[in-house]
Number of protein chains: 2
Amino acid sequence: MRFDLDRASPVPLYHQLASAIERAIQDGQLAPGSSLENEIALAQRLGISRPTARQALKSLVDRGLLVRRRGVGTQVSPAQIHRPVGLTSLYDDLEGSGQLPTTRMLDWERRQASVEEAEELELAAGVDIVAIKRLRLAGDEPIAVLTNLLPEMLAPSREDLERTGLYECLRERGYQPSVAKQRIGARTATAAEARMLEESPRSALLTADRVAYDDAGHVVEVGHHIYRASRYVFETTLFSR
Amino acid sequence: MRFDLDRASPVPLYHQLASAIERAIQDGQLAPGSSLENEIALAQRLGISRPTARQALKSLVDRGLLVRRRGVGTQVSPAQIHRPVGLTSLYDDLEGSGQLPTTRMLDWERRQASVEEAEELELAAGVDIVAIKRLRLAGDEPIAVLTNLLPEMLAPSREDLERTGLYECLRERGYQPSVAKQRIGARTATAAEARMLEESPRSALLTADRVAYDDAGHVVEVGHHIYRASRYVFETTLFSR
DNA sequence: TTTGAAAGAATGTCCTGACAAACTGTTGCA
DNA sequence: TGCAACAGTTTGTCAGGACATTCTTTCAAA
């Protein structure tokens, strides 16, 4: 098993090795259940130190791609466990459903925050916010209504948002959400919602309410999303500790 | 800031240090946003090597309790981010709702698996399984119906299950689920379900369907859980990568 | 007073080395 | 033949050391 490491690259060696192993797993060169050579031999063969090899292997263990047991060795995880790290990603919560969504802008409005909204965004009452409402479609079929609130000064313009995604816009503007707290729930649809989502009245909706924070703990964005339960589930991998 | 490390303890030093720092954060001795001493000084003061100290700090960074920046140092994460690693835990998916649940056994049945059930459990058709149905209550109020299917040979007895939780029983029997794939969805309740959960007919249910695997990739347990949407949400913390 | 460079501070990456713990396979003894 | 002990194998923990990168502060020059 060849892993090419480029010592002139700015990418750390452990990172290069982890990527190469991951690629080999995904290409099928490393089959689920198969054993890798031991870390001492691997390090020696690649001309790197053992802790460097360990760091690469550990990062893959943490992501569920490898399993390691003392006295036994390092193995590729069984096939069922081969997901990119088990979380619904902060950026791509639709991809778990295997659908390629498009997004249509329904509304973009600058206005004063209500008391509740200001509280959610951890802003003073009455400040200006931008409220964005979009429809998510898979093909021509609506699957979700996404409402997002942002402090005015962070908010992308309507034009920017029609060009690319909300988080991409935020990133371009130098605002990097790093953590989000999300609540997933369910309720029945209002008549307006049912119409918008092409469901029958009082059908079940899956809801996701989210507050995203930057590194300093400031609220970057609040999202209230509703999904057709008939068309959408959240998929998650859980690891025991 | 004192951290007592017991070198005679079988618990690894890095683990002891991580726990001590975590405790200090939770006790309020280390306030959100405050800086820890640098890793070199910390290691020196505690009489441990720098990589050992790093390992403790890294494990806390990975869990969102600390933030580290090159040139700046190590700080306690802002208060909003102080959750144990962001996933709904494999074992305690009710704890995020801040409720202390009790569990009532509704049914425990050994029978032959249907075709669909055998497929879910990755067993040959017609083999014996155990189907368990329980009601989860918060106080006297029902909040969830939990159905679990297990290969017969792994399944705890009815008596064991009334004494302790399913995962605890599995652990005692030497079966250790390590990964689970979960799908969270929503639908409206059937009349029987609504009655069981003391909700009105056709009210919204939050659903969780889960397959849990052991380290070797064998299915340990399949769960089909329904929750009253009026009483229950899944709370999750999402980290950007 | 402002701007740019240098110095100081701290984490990140990588190295060599050694011992402990856990697992598997082999051998010896009852 | 079966069981226990031992040997071999591999990962896990820990140590000491060095250099690179990134960030902040200070100092000097314009």
Side-chain angles (χ1 to χ4, degrees), chain A residues 1 3 5-21 33-62 64-77 174 176 178 214-216 241, chain B residues 1 3 5-21 33-62 64-77 174 176 178 214-216 241:
Chain A
M1 183 90 294
F3 301 119
L5 305 181
D6 175 8
R7 288 200 178 245
S9 166
V11 179
L13 292 176
Y14 76 90
H15 200 277
Q16 290 181 53
L17 177 55
S19 298
I21 293 173
S34 62
S35 289
L36 269 66
E37 67 193 306
N38 73 64
E39 73 185 26
I40 295 170
L42 181 66
Q44 191 162 42
R45 180 163 68 82
L46 297 178
I48 58 178
S49 74
R50 186 179 156 206
T52 302
R54 287 186 66 77
Q55 198 169 350
L57 295 171
K58 183 171 191 304
S59 76
L60 293 171
V61 168
D62 289 346
L65 297 182
L66 298 181
V67 176
R68 312 193 77 196
R69 285 156 73 202
R70 215 188 282 207
V72 178
T74 302
Q75 294 172 312
V76 179
S77 296
Q176 180 80 301
S178 63
D214 65 16
D215 263 345
R241 295 245 159 238
Chain B
M1 182 93 291
F3 299 119
L5 304 180
D6 174 7
R7 287 198 179 248
S9 167
V11 179
L13 292 175
Y14 76 89
H15 200 278
Q16 290 182 50
L17 177 54
S19 297
I21 294 173
S34 63
S35 290
L36 268 67
E37 68 194 304
N38 74 64
E39 74 185 25
I40 294 171
L42 180 66
Q44 190 160 41
R45 180 163 70 81
L46 298 178
I48 58 177
S49 76
R50 186 178 158 205
T52 302
R54 288 186 67 77
Q55 198 170 350
L57 295 172
K58 183 169 191 304
S59 76
L60 293 171
V61 169
D62 289 346
L65 297 183
L66 297 182
V67 176
R68 312 191 79 195
R69 284 158 71 201
R70 213 189 283 207
V72 178
T74 302
Q75 296 173 311
V76 179
S77 296
Q176 180 83 301
S178 63
D214 66 16
D215 263 346
R241 295 241 155 244

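The structure presented is a predicted model; accordingly, all values stated were derived computationally and were not measured. Labels below follow one simple rule: chain letters A, B, ... track the order of the sequence lines, proteins then strands, and each chain is numbered from 1. Scope of the values below: all heavy atoms of this structure, side chains included, with no hydrogens, waters or symmetry mates.
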Interatomic distance, [X] [atom1] vs [N] [atom2] [rounded to whole Å]:
| X | N | atom1 | atom2 | answer |
| --- | --- | --- | --- | --- |
| B:Leu42 | C:dA9 | CG | P | 18 Å |
| A:Glu39 | C:dA18 | CD | P | 16 Å |
| B:Ile40 | C:dG8 | CD1 | C1' | 13 Å |
| B:Leu17 | D:dT13 | CG | C1' | 14 Å |
| B:His15 | C:dA21 | NE2 | C1' | 16 Å |
| A:Leu13 | D:dC19 | CG | P | 17 Å |
| B:Lys58 | C:dT11 | NZ | C1' | 13 Å |
| B:Arg54 | D:dT13 | CZ | C1' | 16 Å |

Are [X] and [Y] packed together at the side-chain level, in the sense that at least one heavy-atom pair is separated by less than 4.5 angstrom?
| X | Y | answer |
| --- | --- | --- |
| B:Ile48 | B:Arg7 | yes |
| A:Asp6 | A:Gln16 | yes |
| A:Pro51 | A:Gln55 | no |
| B:Gln44 | B:Glu37 | no |

Is it the case that C:dG12 (base atoms only) and B:Arg69 (side chain only) share a donor and an acceptor within less than 3.5 Å, ignoring hydrogens and angles?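 Answer is no: no donor-acceptor pair is held.
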
Donor/acceptor link under 3.5 angstrom from B:Arg70 side chain onto base of D:dT21: yes

Respond yes when some side-chain nitrogen or oxygen of [X] is under 4.0 Å from OP1 or OP2 of [N], and no when none is.
| X | N | value |
| --- | --- | --- |
| A:Arg7 | C:dC15 | yes |
| A:Arg50 | C:dT16 | no |
| B:Thr74 | C:dA10 | no |
| A:Arg68 | D:dG12 | yes |
| B:Tyr14 | D:dT13 | yes |
| B:Gln55 | D:dT13 | yes |
| B:Thr52 | D:dC14 | no |

Touch class at under 4.0 angstrom, heavy-atom based, for [X] against every strand present:
| X | result |
| --- | --- |
| A:Ile48 | sugar-phosphate |
| B:Pro12 | sugar-phosphate |
| A:Leu57 | nothing |

Please report the closest heavy-atom contact between B:Tyr14 and B:Ala56, naming both atoms and the distance. O-CB, 3.2 Å

From CA spacing to verdict: side chain to side chain contact (heavy atoms under 4.5 Å, CB included), B:Val76, B:Leu36: CA-CA 8 Å; B:Val76 179; B:Leu36 268 67; 3.9 Å; yes

Shortest side-chain distance from A:Val72, nucleotide among C:dC14, C:dT24, D:dT11: C:dT24

